[in-house]
**Q** 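Following this message is one structure expressed as structure tokens.
In what follows, residues are counted from 1 in the order of the sequence shown.
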Amino acid sequence: DGALWVCDWVNGWIGEAKGRIYRFLDPAGQKQDIVAEVQNLLASGFSQSTDLQLADLLRHLDRRIRLEAQWELAQRGKVKVFEKIASDTGAGTIARLHSVWGLGHAARLQPDLREAVGPGLAAALTSTDLDVRAATAGVVGDLKLERFSDRIVELIADPEPRVQYAACQAAGKLQIAAAVPAVLDLLVENNDRDPGLRHAAIMALRGAAPPKQLAQLKSHASPSVRLAAVVALRKLQSLEIADFLRDENSAVQLEAARAVHDVPELHPALPQLAELAADTDRPLASDGLAHRVLNAHFRLGGSS
């Protein structure tokens, strides 16, 4: 109805067995034509709309209307409708995004369309619109369309961070081994400045590199790469992570100690963690590391 509705539990989660509902609105805004239009559209539904009408609604100002139109077109398997809008640079970013998502949506609803959505996604992967490129990389990863692996690797070096993020996520889901060098280059260049990009690169390594390859990164010159390798090994619950417990970088060492201490599947490496207390040449660098080393001794027992 064009208003903002708020449900108030009264004093949060614990509550007082009371509740309130507030409704905020702009009386002038309520008189706008679009408010009545949205009400009518949501009430009447979309099943009777033509493909052309639904395609036009992908440009609508109200996100709910756009999503409903996308749902209906995807359920109908209208790949060509989505493909046409996705490739139309004059359609606007929002409509093109819904079309890219719609291609993936249709392929999930009807797996026999996985081949049919290929041409539309291929074109969108080379779009000059960064949001379209990023969204398409996400769809390719979700659908696990391996035929686009080479392009996904290229996008890891895209000039736009959002595209790099989506490409790394897709590389991990597709388990693209050839993506690892590009991911390492990204980690070196990022140098831990953008935590989001670092996370995406970690997810790429988790999916694309086996534990032994990740363990070999212990000798990599970049602490950012070694830190990412540690987190990826933690996600894989690989005991190869113990090789990083004596890393010269305190942040990398602490991250390895956290993993060994906190993840039950990595507890067989607790003896290596406990041994750090006996290293007289290198004091424990932080309270976080010291706490975990001491607790490793407590868990293992003994008189040392």
Side-chain angles (χ1 to χ4, degrees), residues 141 146 149 152-153 156-157 164-165 167-279 281-286 288-297 299-300:
E146 296 179 355
S149 293
I152 292 298
V153 174
I156 293 174
Q164 292 178 303
Y165 182 98
C168 283
Q169 293 276 25
K173 292 176 182 178
L174 289 165
Q175 300 181 328
I176 307 173
V180 173
V183 174
L184 299 184
D185 289 343
L186 173 61
L187 284 164
V188 172
E189 182 180 357
N190 184 51
N191 195 28
D192 293 325
R193 286 188 295 270
D194 186 329
L197 273 182
R198 180 177 61 193
H199 165 73
I202 289 168
M203 297 307 291
L205 292 177
R206 177 184 182 274
K212 287 191 178 299
Q213 183 180 4
L214 292 173
Q216 292 172 357
L217 295 175
K218 64 185 178 183
S219 58
H220 197 284
S222 169
S224 300
V225 169
R226 302 199 302 274
L227 183 66
V230 167
V231 181
L233 285 167
R234 173 178 179 147
K235 290 179 178 296
L236 292 169
Q237 299 178 357
S238 171
L239 291 173
E240 303 274 3
I241 202 170
D243 292 344
F244 293 83
L245 284 172
R246 294 185 180 274
D247 193 279
E248 62 183 20
N249 182 279
S250 59
V252 176
Q253 182 187 39
L254 177 58
E255 196 63 44
R258 284 185 180 128
V260 170
H261 179 276
D262 298 353
V263 179
E265 289 78 7
L266 298 178
H267 284 177
L270 282 175
Q272 292 100 304
L273 176 60
E275 285 174 3
L276 296 180
D279 189 349
D281 295 329
R282 184 182 180 186
L284 300 178
S286 66
L289 179 61
H291 291 162
R292 286 167 174 82
V293 170
L294 288 171
N295 202 45
H297 278 277
R299 288 176 173 177
L300 292 169

**Q** Atom OH in Tyr165, atom CE in Met203: separation rounded to 0.5 Å?
**A** 8.5 Å

**Q** Looking only at heavy atoms, what is the nearest atom pair of Asp192 and Ser224, with distance?
**A** OD2-OG, 3.0 Å

**Q** Under a 4.0 Å threshold between the charged nitrogen and the carboxylate oxygen, would Asp247 count as salt-bridged to Lys218?
**A** no

**Q** Is it the case that atom CD in Glu265 sees more than 12 heavy atoms from other parts of the structure closer than 6.0 Å?
**A** yes

**Q** For Cys168 and Ala204, which heavy atoms make the closest approach, and how far apart are they?
**A** O-CB, 3.3 Å

**Q** Nearest heavy-atom pair of Leu205 and Ala232: which atoms, and what distance?
**A** CB-CB, 4.1 Å

**Q** Show your working on side-chain contact (heavy atoms from CB on, under 4.5 Å) between Ile241 and Val263 and close with a plain yes or no.
**A** CA-CA 11 Å; Ile241 202 170; Val263 179; over 6 Å; no

**Q** How close do Pro264 and Asp262 get, heavy atom to heavy atom, and via which atoms?
**A** CD-O, 3.4 Å

**Q** Determine yes or no for a side-chain-to-main-chain donor-acceptor pair under 3.5 angstrom, with His220 supplying the side chain and Arg226 the backbone.
**A** no

**Q** Could you check His261 against His291 for side-chain contact (heavy atoms from CB on, under 4.5 Å), going step by step and ending with a plain yes or no?
**A** CA-CA 10 Å; His261 179 276; His291 291 162; over 6 Å; no

**Q** Looking only at non-hydrogen atoms, find the nearest pair between Val293 and Leu273 and report the distance.
**A** CG2-O, 3.7 Å

**Q** Could you check Leu254 against Ser286 for side-chain contact (heavy atoms from CB on, under 4.5 Å), going step by step and ending with a plain yes or no?
**A** CA-CA 8 Å; Leu254 177 58; Ser286 66; 4.1 Å; yes

**Q** Decide side-chain contact (heavy atoms from CB on, under 4.5 Å) for Arg246 and Asp279; before the verdict, give the C-alpha distance in whole Å, the side-chain angles of both, and the deciding distance to 0.1 Å.
**A** CA-CA 10 Å; Arg246 294 185 180 274; Asp279 189 349; 3.2 Å; yes

**Q** Measure the spacing between CG of Leu233 and CZ of Arg206 and express it to the nearest 0.5 Å.
**A** 11.5 Å

**Q** If I take atom CD from residue Glu255 and atom CG from residue Leu289, how far apart are they, to the nearest 0.5 angstrom?
**A** 11.5 Å

**Q** Are any non-hydrogen side-chain atoms of Pro271 and Leu300 less than 4.5 angstrom apart?
**A** yes

**Q** Check whether any side-chain N or O of Asn191 sits under 3.5 Å from a backbone N or O of Arg193 as a donor-acceptor pair, and report yes or no.
**A** no

**Q** So, does Gln164 use its side chain to make a donor-acceptor pair with the main chain of Ile156 at under 3.5 Å?
**A** yes

**Q** Do the non-hydrogen side-chain atoms of Ser238 and Leu214 ever get within less than 4.5 Å of each other?
**A** no

**Q** Say you draw a straight line from CG of Leu245 to CZ of Arg292; how long is it, rounded to the nearest 0.5 Å?
**A** 12.0 Å

**Q** So do Glu240 and Gln216 actually touch side chain to side chain, heavy atoms under 4.5 Å?
**A** no

**Q** Just so I know, are the side chains of Arg198 and Leu227 near enough to count as touching, which here means a heavy-atom distance under 4.5 Å?
**A** yes

**Q** Return the minimal non-hydrogen interatomic distance between Asn249 and Pro223, and the atom names on each side.
**A** ND2-CB, 3.7 Å

